[in-house]
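Step one of this worksheet: look at the structure below.
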Amino acid sequence: MNKVVKKEFFSEKVVRLVVEAPLIARSRKAGNFVILRVGEKGERIPLTIASADAEKGTIDLVAQVVGVSTSKLADLEPGDYITDLVGPLGKPTHIENVGTILAAGGGVGVAPLLPIVEAFKKAGNRVITVLAARSKDLIILEDQMRQWSDELIVMTDDGSHGRKGLVTAGMEEILQREEVNECIVIGPAIMMKFAALLTEKYNVPTQASLNSIMVDGTGMCGACRVSVGGKTRFTCVDGPEFDAHHIDFDEMLMRLGGYREEEKEALERYHLQHKLVEE
């Protein structure tokens, strides 16, 4: 089992855990993810590795509390153990010196974007990063992103931090101003959809890292399937990054909402059980 050595909340619903995983810390690359399970009867959930320290043998995981599994994960304290953790999984990001990279991250999508931005910068690229969230308290890892970006733009829906507007407004400002050779977007599926429509208009090659529902992480179950260019692909083994201009985002959005009622009911039961225990 993998021990939690540090925990901090970026906001009320977004938690960062530093976890002992020496083999993964040494072998992971930008874009890789892990699948973990909390409790013997817990479900398997994927989380991208936000960063790793090979010397200390730790990896950083960032999760947004939205359901039972992420609630259980957020309830762990330093010294507690994650029941199962496997990785690194998925294909790493293809990194090379192409010129100017536009990186756009929304919400907790900023966490998996961080190692990619770092890798592109270390490869000699000029990196312009746009971070976006609904409000100031939901912007995460801004200082770390600034460290690896030649320019950083922050967008918030309510204007409480940075500039007021959606991530696409910040992206289009850059696309109108200068030549961008490649774009990488990570965030909510609806955000990636409109970011892809924008970059397609400017004819900029774009990769999107998908957050499909996963179960086994080996391509066997088919739960994470997506349509890319009219063909079925599996996010866990063929991705998680795909050509954003060929992803069927509407189909993906529909599949992401397939278990919404069941997730809501399970979360209500979980909170009720906690309340009864506390009483």
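Hydrogens, waters and symmetry mates play no part in the numbers below; they use all other heavy atoms, side chains included. This structure is a prediction, so every number in the text was calculated from the model and none was measured.
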Applying a strict under-4.5 Å side-chain criterion to I, L, V, M, F, W and Y, I'd like to know whether [X] and [Y] cluster together.
| X | Y | answer |
| --- | --- | --- |
| Ile49 | Leu76 | yes |
| Val108 | Ile186 | yes |
| Met155 | Val185 | yes |
| Val154 | Leu114 | yes |
| Val117 | Val110 | yes |

To the nearest 0.5 Å, how far apart are [atom1] in [X] and [atom2] in [Y]?
| X | Y | atom1 | atom2 | answer |
| --- | --- | --- | --- | --- |
| Met171 | Gln176 | CE | CD | 12.0 Å |
| Ile128 | Phe120 | CD1 | CZ | 13.5 Å |
| Leu131 | Met145 | CG | CE | 5.5 Å |
| Arg233 | Asp243 | CZ | CG | 11.5 Å |
| Ile82 | Leu73 | CD1 | CG | 5.5 Å |
| Ile116 | Ile95 | CD1 | CD1 | 6.5 Å |

Worked check of side-chain contact (heavy atoms from CB on, under 4.5 Å) between Ile174 and Val180: CA-CA 8 Å; Ile174 303 303; Val180 172; 4.0 Å; yes

Hey, does [Y] have a side-chain heavy atom less than 4.5 Å from the side chain of [X]?
| X | Y | result |
| --- | --- | --- |
| Arg255 | Arg225 | yes |
| Val65 | Val14 | no |
| Phe194 | Leu166 | no |
| Ser160 | Arg134 | no |
| Asp250 | Asp248 | yes |
| Phe242 | Val226 | yes |
| Thr199 | Leu175 | yes |
| Ile45 | Met214 | no |

Side chains of [X] and [Y]: is there a donor and an acceptor less than 3.5 Å apart?
| X | Y | result |
| --- | --- | --- |
| Thr100 | Glu179 | no |
| Thr58 | Glu20 | no |
| Glu251 | Ser227 | yes |
| Gln207 | His94 | no |

Can any side-chain N or O of [X] pair as donor or acceptor with the backbone N or O of [Y] at less than 3.5 Å?
| X | Y | value |
| --- | --- | --- |
| Thr156 | His161 | yes |
| Thr70 | Gly67 | yes |
| Ser149 | Val127 | no |
| Arg37 | Glu40 | yes |
| His245 | Glu200 | yes |
| Asn32 | Gly90 | yes |
| Thr83 | Gly39 | yes |

Please give me the minimum heavy-atom distance between [X] and [Y], naming the atom from each residue.
| X | Y | value |
| --- | --- | --- |
| Cys236 | Gly219 | SG-N, 3.2 Å |
| Asn125 | Asp150 | O-OD2, 3.8 Å |
| Gly87 | Val34 | CA-CG1, 4.2 Å |
| Ala52 | Ile59 | CB-CG2, 4.0 Å |
| Ala74 | Val15 | CB-CG1, 4.0 Å |
| Asn211 | Met192 | OD1-CE, 4.2 Å |

Identify whether the distance between the nearest side-chain nitrogen and carboxylate oxygen of [X] and [Y] falls below 4.0 Å.
| X | Y | answer |
| --- | --- | --- |
| Arg126 | Glu178 | yes |
| Lys6 | Glu77 | no |
| Asp80 | Lys3 | no |
| Asp158 | Lys136 | no |

Residue pair Phe10, Leu141: steps toward the side-chain contact (heavy atoms from CB on, under 4.5 Å) verdict: CA-CA 9 Å; Phe10 290 136; Leu141 300 170; 3.7 Å; yes

From Asn2, Leu17, Leu61, Val19, residue fulfilling side-chain contact (heavy atoms from CB on, under 4.5 Å) relative to Leu36: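 When Asn2, Leu17, Leu61, Val19 are each tested with Leu36, the side-chain contact (heavy atoms from CB on, under 4.5 Å) holds only for Leu61.
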
Glu8 atom CD, over 12 foreign heavy atoms within 6.0 Å: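 For Glu8, atom CD is crowded (more than 12 foreign heavy atoms under 6.0 Å).
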
side-chain contact (heavy atoms from CB on, under 4.5 Å) evaluation trace for Met252 with Met254: CA-CA 5 Å; Met252 180 184 170; Met254 181 179 66; over 6 Å; no

Any residue meeting side chain to side chain donor-acceptor pair (under 3.5 Å) with Lys122, in chain and number order, not counting sequence neighbours: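 Only Glu118 meet the side chain to side chain donor-acceptor pair (under 3.5 Å) criterion with Lys122.
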
Phe9 vs Arg16, side-chain contact (heavy atoms from CB on, under 4.5 Å): CA-CA, chis, key distance, verdict: CA-CA 6 Å; Phe9 279 92; Arg16 168 181 172 257; over 6 Å; no

Pairing residues for Arg26 by the salt bridge (Lys or Arg N to Asp or Glu O under 4.0 Å) criterion, not counting sequence neighbours: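 So Arg26 forms no salt bridge (Lys or Arg N to Asp or Glu O under 4.0 Å) with any residue.
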
